[in-house]
*Asks:* 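Take this structure, written in structure tokens, and hold onto it; I'll ask about it next.
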Amino acid sequence: MDMKTKADFIIERVQKQNPSANVEKIRSAYECAAAAHEGQKRKNGDPYIIHPLSVAEIIVEMGLDTDSICAGLLHDCIEDTSFGYDEIAQKFGTTVADLVDGVTRLGQIRYSKEQEQMEDLRKMLIAMAKDIRVILIKLADRLHNMRTIQFMSEAKQRSKSLETMEIYAPIAHRLGMQRIKWELEDLSLKHLDPIGYQEIVDGLARQSSEHEKFLERIKQTISKKLNESGIHNTISARVKHIYSIYRKMYSQNKNMSEIYDICAVRVIVESVADCYNVLGYVHDLYKPIPGRFKDYISTPKPNGYRSLHTTVIGRAGIPFEVQIRTEEMHKMAEYGVAAHWKYKEGVTNKGDEDTYAWIRQLLEAQQDTEAEDFIKAIKVDLFSDEVFVFTPKGDVVNLPAGATPIDFAYGIHSAVGNRMTGCKINGRIAPIDYNLQNGDIVEIITSKETHGPKRDWLKMIKTSEARNKIKQWFKKECREENIVRGKEDLERELKANLLYSHFMEKEEIQQNVLRKFNYNSLEELYASLGYGGITITKVLNKVRDEVIRARKAESAKQPLTGDKNPKSDSGVIVEGIGNCLVKFARCCTPIPGDDIVGYITRGYGVSVHRRDCVNFKNSSEEDQDRWIDVRWDESNIEAKERFSTALQISTTDRVGVMSDVLMILSNNRINVRDFNGKTLSEGFAIINAVVDVTGIPQLEMLISKLRSVKGVINVTRQSN
């Protein structure tokens, strides 16, 4: 099918779905896009216009309006062509131009460091709040890109798949667009874990004929019963999508052959009453599994999803899920927000505002949030499963799974949370850290006076709304206390990490740290640390970065001055500092003569490692700045001083070999801290010993003597 034919096909489909659609506007948008992308190619060599056409086709499947289809056709023009915002606005109106501009901005999201990712996600939410069609078009764009991702590099495939799995698939879920969510998840999994993906595909292929027979038998049984009862019905059956099976395998630690609940049957009827009648008939035909019934009709999900779910066991002993819904509910389940889109060719319907009011609520709750907290909140508030609980008056409140009565209280009002002293769950007193369950009736017990929250509440809560309201209370009501607490905590950690004098005595470092976090004074920083507005770890990391930068700048300007022969009580000099808290790492047991390096620990000074230690070699990029130069203070190491190190002796398994090894150690006055052996297969054995030596010369002499013992094959020094 050539491009023009495909465009005609899309327009024909639009006319069937919506006779009032402006097909001339759509055709004109196609012609502009084709001209703008003339000569551009995709990674696979196809003309670039294929992508906008495919995106428009997905938008048509969603049932969106003319402006959305036009924006889908033009969505890459601003970024990739000379056809800009003004030209689009002049030719197709500001609505289409704004949609294209919004999609372009979302396309610039960088899946990167926390601070950048926070701003990008915030921009995405703002764009969604202004016009939800922006994210719907972006989802169509991402879906087609994932369908053709095999033409990208392997690294790009993994990066885009991870971004899709962690951001776009959950947003599709939150918007109720299950069909798109499932496809995005499966396509992402294919590139994130190709082996696991293929295992499930192969397993389903092997069982496909069995599944078909099983599902067909169930369809006929249920259909016969409903037809006899006079209930008009449409029944479909399917195997659950690949990522759903994958997640179940890994959460339950099972292989493909042990997963049985992978089949689902959907029954579509004409009315809500029929839904409940069908549920009764299904439970008559098959045995329901306790605890697996969910009524999303009386209590819809926040994304508008409505359906009855029940899991039953067939005569063959195989469990399967049955979903029961009306045709209207089914459209909502498949296409979510798009199923009852408020822009019906320019006609607005204010009744649909609640469909995505959660976006604005999430934005309002995140105004003064740290990047790390914001991203965590996004994943909790936007992407997690929900629990549905009731107020004593019977109103339904939905919260993230794992939420507590504290979340419930702050969800009602800040004043309720700040005056909370306890709670009742289903009429009984319960702890405030109780994990709320579906159907719980929650009553908050309050005092007449506002006592305020406790600091340990921050460890119990789940929602960002509660977290922000608690932090705001501490910020406002306890400033002096926060300053004292924050100062004490920071000074303690600075001393433990050998950074105190650098931060407190060097004005430049201090100012750079304050500027980084937008504080005007140390008091503001202390107060923020005190109420939890920023973490000590972030401040320490920035101080460490500034200290390293300052040292490099000093080294570049002039040679190192000061005491050229610093002394150290520990026998190790740390970057010319001299005395500081030093310990020797047990993983590699360094001794004098080894090439060593130091690691700044959290609260325990400097840990000394050998440079060939795997912990040094495999350290993450984040830890690179914490490794510092150290050296042995040979002038301060007494000959009598001993350092522990570990040896492994490979030997033949003969009687008396351990005794001979111990004799060598004893004759050379070597203190033995640990000594054990084990027999291996085929007549070999291993002896492990931890011994004290003065340094490399004595260790080399000892290894030489041990190798001379009858039956000893090799003696090696151990690391980790």
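Note that these values count all heavy atoms, side chains included, but never hydrogens, waters or copies made by symmetry. We number each residue from 1, following the sequence as shown.
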*Asks:* Partners of Glu216 by side chain to side chain donor-acceptor pair (under 3.5 Å), sequence neighbours excluded?
*Replies:* Gln220
*Asks:* Considering non-hydrogen atoms only, spot the tightest contact between Ile59 and Ala140 and give its length.
*Replies:* CG1-CB, 3.9 Å
*Asks:* Give me the atom names and distance for the closest heavy-atom approach of Lys16 to Pro19.
*Replies:* O-CD, 4.5 Å
*Asks:* Looking at side-chain heavy atoms only, is the closest gap between Ile262 and Leu204 below 4.5 Å?
*Replies:* yes
*Asks:* Any side-chain donor paired with an acceptor under 3.5 Å for Thr404 and Asp407?
*Replies:* yes
*Asks:* Looking only at the side chains, is there a donor atom on one of Thr299 and Asp295 sitting less than 3.5 Å from an acceptor on the other?
*Replies:* no
*Asks:* Quick one: does Thr326's side chain have a donor or acceptor within less than 3.5 Å of a partner on Glu270's backbone?
*Replies:* no
*Asks:* Can you tell me if Asn227 uses its side chain to pair, donor with acceptor, with the backbone of Ser223 under 3.5 Å?
*Replies:* yes
*Asks:* Hey, is the main chain of Ile268 close enough, under 3.5 Å, to the side chain of Arg325 for a donor-acceptor pair?
*Replies:* no
*Asks:* Is there a side-chain contact between Glu61 and Arg13, using heavy atoms and a 4.5 Å cut-off?
*Replies:* yes
*Asks:* Is the closest side-chain donor-acceptor distance between His144 and Ser54 under 3.5 Å?
*Replies:* yes
*Asks:* Where do Gly72 and His75 come nearest, in terms of heavy atoms and distance?
*Replies:* O-ND1, 2.6 Å
*Asks:* Strictly distance-based, threshold 3.5 Å: is any side-chain N or O of Asn44 a donor or acceptor partner for the main-chain N or O of Asp46?
*Replies:* yes
*Asks:* Check whether any side-chain heavy atom of Ile149 sits under 4.5 Å from a side-chain heavy atom of Leu187, and report yes or no.
*Replies:* no
*Asks:* Applying side-chain contact (heavy atoms from CB on, under 4.5 Å), can you list everything that pairs with His413, at least two apart in sequence or on another chain?
*Replies:* Ala415, Val416
*Asks:* Please name the pair of heavy atoms, one in Ala33 and one in Cys77, separated by the smallest distance, quoted to 0.1 Å.
*Replies:* CA-SG, 4.4 Å
*Asks:* Can you tell me how far apart CE (Met177) and OH (Tyr168) are? Round to the nearest 0.5 Å.
*Replies:* 14.0 Å
*Asks:* Out of curiosity, Leu64 CG to Ile58 CD1, how far, rounded to the nearest 0.5 Å?
*Replies:* 11.5 Å
*Asks:* Any Lys/Arg nitrogen of Glu185 or Lys181 sitting under 4.0 Å from an Asp/Glu carboxylate oxygen of the other?
*Replies:* yes
*Asks:* Between His173 (side chain) and Pro170 (backbone), is there a donor-acceptor pair under 3.5 Å?
*Replies:* no
*Asks:* When you check the side-chain N and O atoms of Tyr410 and Asn468, is any donor under 3.5 Å from an acceptor?
*Replies:* no
*Asks:* Looking only at non-hydrogen atoms, find the nearest pair between Ser28 and Lys91 and report the distance.
*Replies:* OG-CE, 3.6 Å
*Asks:* Would you say the side-chain atoms of Asp65 and Ser68 include a donor-acceptor pair closer than 3.5 Å?
*Replies:* yes
*Asks:* Determine the minimum heavy-atom distance between Tyr85 and Thr94, stating which atoms define it.
*Replies:* OH-O, 4.3 Å
*Asks:* Mind telling me whether His51 and Tyr48 have parallel, tilted or perpendicular rings, with 30° and 60° as the class edges?
*Replies:* perpendicular
*Asks:* Going by side-chain contact (heavy atoms from CB on, under 4.5 Å), Asp141 matches just one of Leu139, Ile137, Leu143, Asn145. Which one?
*Replies:* Asn145
*Asks:* One thing to verify: whether Glu163 and Arg142 come together as a salt bridge, which I'm taking to mean a side-chain N less than 4.0 angstrom from a carboxylate O.
*Replies:* yes
*Asks:* Checking the side chain of Glu87 only, and the main-chain atoms of Gly84 only, is there a donor and an acceptor separated by less than 3.5 Å?
*Replies:* yes
*Asks:* So, taking the atom named CG in Leu184 and the one named CE in Met165, what distance separates them when rounded to the nearest 0.5 Å?
*Replies:* 9.0 Å
*Asks:* Any side-chain heavy atom of Glu57 within less than 4.5 Å of one from Phe9?
*Replies:* yes
*Asks:* What verdict does the side chain to side chain contact (heavy atoms under 4.5 Å, CB included) test give for Trp182 and Ile242, after you've listed the backbone C-alpha separation in whole Å, the side-chain angles of each residue and the deciding distance to 0.1 Å?
*Replies:* CA-CA 8 Å; Trp182 290 340; Ile242 295 170; over 6 Å; no
*Asks:* Would you check if the side chain of Gln157 reaches a backbone N or O of Met152 as a donor-acceptor pair within less than 3.5 Å?
*Replies:* yes
*Asks:* Keeping Lys25 on the side-chain end and Phe92 on the backbone end, is there a donor-acceptor pair under 3.5 Å?
*Replies:* yes
*Asks:* For Asp76 and His37, which I'm curious about, is there any donor-acceptor pair between the side chains at under 3.5 Å?
*Replies:* no
*Asks:* Can you check whether Lys160's main-chain N or O pairs, donor with acceptor, with Thr164's side chain at less than 3.5 Å?
*Replies:* yes
*Asks:* Evaluate side chain to side chain contact (heavy atoms under 4.5 Å, CB included) for Leu99 paired with Val134, printing each intermediate quantity in order.
*Replies:* CA-CA 6 Å; Leu99 288 173; Val134 170; 3.9 Å; yes
*Asks:* Checking Ser307 against His330 for the side chain to side chain contact (heavy atoms under 4.5 Å, CB included) test, could you report, in this order, the C-alpha distance in whole Å, the side-chain angles of both residues, the deciding distance, and whether it holds?
*Replies:* CA-CA 8 Å; Ser307 186; His330 179 60; over 6 Å; no
*Asks:* Can you tell if the side chain of Asn233 reaches within under 4.5 Å of the side chain of Val278, non-hydrogen atoms only?
*Replies:* no
*Asks:* Got a donor-acceptor contact below 3.5 angstrom from the Ser159 side chain to the Lys156 backbone?
*Replies:* no
*Asks:* Are any of the side-chain heavy atoms of Leu215 and Phe320 separated by less than 4.5 Å?
*Replies:* no
*Asks:* Can you confirm whether Lys462 sits close enough to Leu399 that some side-chain heavy atom of one is under 4.5 Å from a side-chain heavy atom of the other?
*Replies:* no
*Asks:* One pair to check against side chain to side chain contact (heavy atoms under 4.5 Å, CB included): Glu321 and Arg292. What are the steps and the verdict?
*Replies:* CA-CA 9 Å; Glu321 185 180 59; Arg292 297 293 295 274; 5.8 Å; no
*Asks:* Can Asp67 and Asn22 be counted as having a side-chain donor-acceptor contact under 3.5 angstrom?
*Replies:* no
*Asks:* So, taking the atom named CD in Gln323 and the one named OH in Tyr305, what distance separates them when rounded to the nearest 0.5 Å?
*Replies:* 4.5 Å
*Asks:* Going through the checks in order, is the salt bridge (charged side-chain N to carboxylate O under 4.0 Å, His left out) test met by Arg306 and Glu328?
*Replies:* CA-CA 9 Å; Arg306 300 175 72 206; Glu328 182 183 353; 5.9 Å; no
*Asks:* Counting only heavy atoms not in Glu38, do more than 12 fall under 6.0 Å of its CD?
*Replies:* no
*Asks:* Would you mind reporting whether Lys219 and Ser236 have side-chain heavy atoms less than 4.5 Å apart?
*Replies:* no
*Asks:* Measuring from atom CG of Leu74 to atom OH of Tyr30, what distance do you get when rounded to the nearest 0.5 angstrom?
*Replies:* 12.5 Å
*Asks:* Nearest 0.5 angstrom please: Ile135 CD1 to Leu175 CG, how far?
*Replies:* 7.0 Å
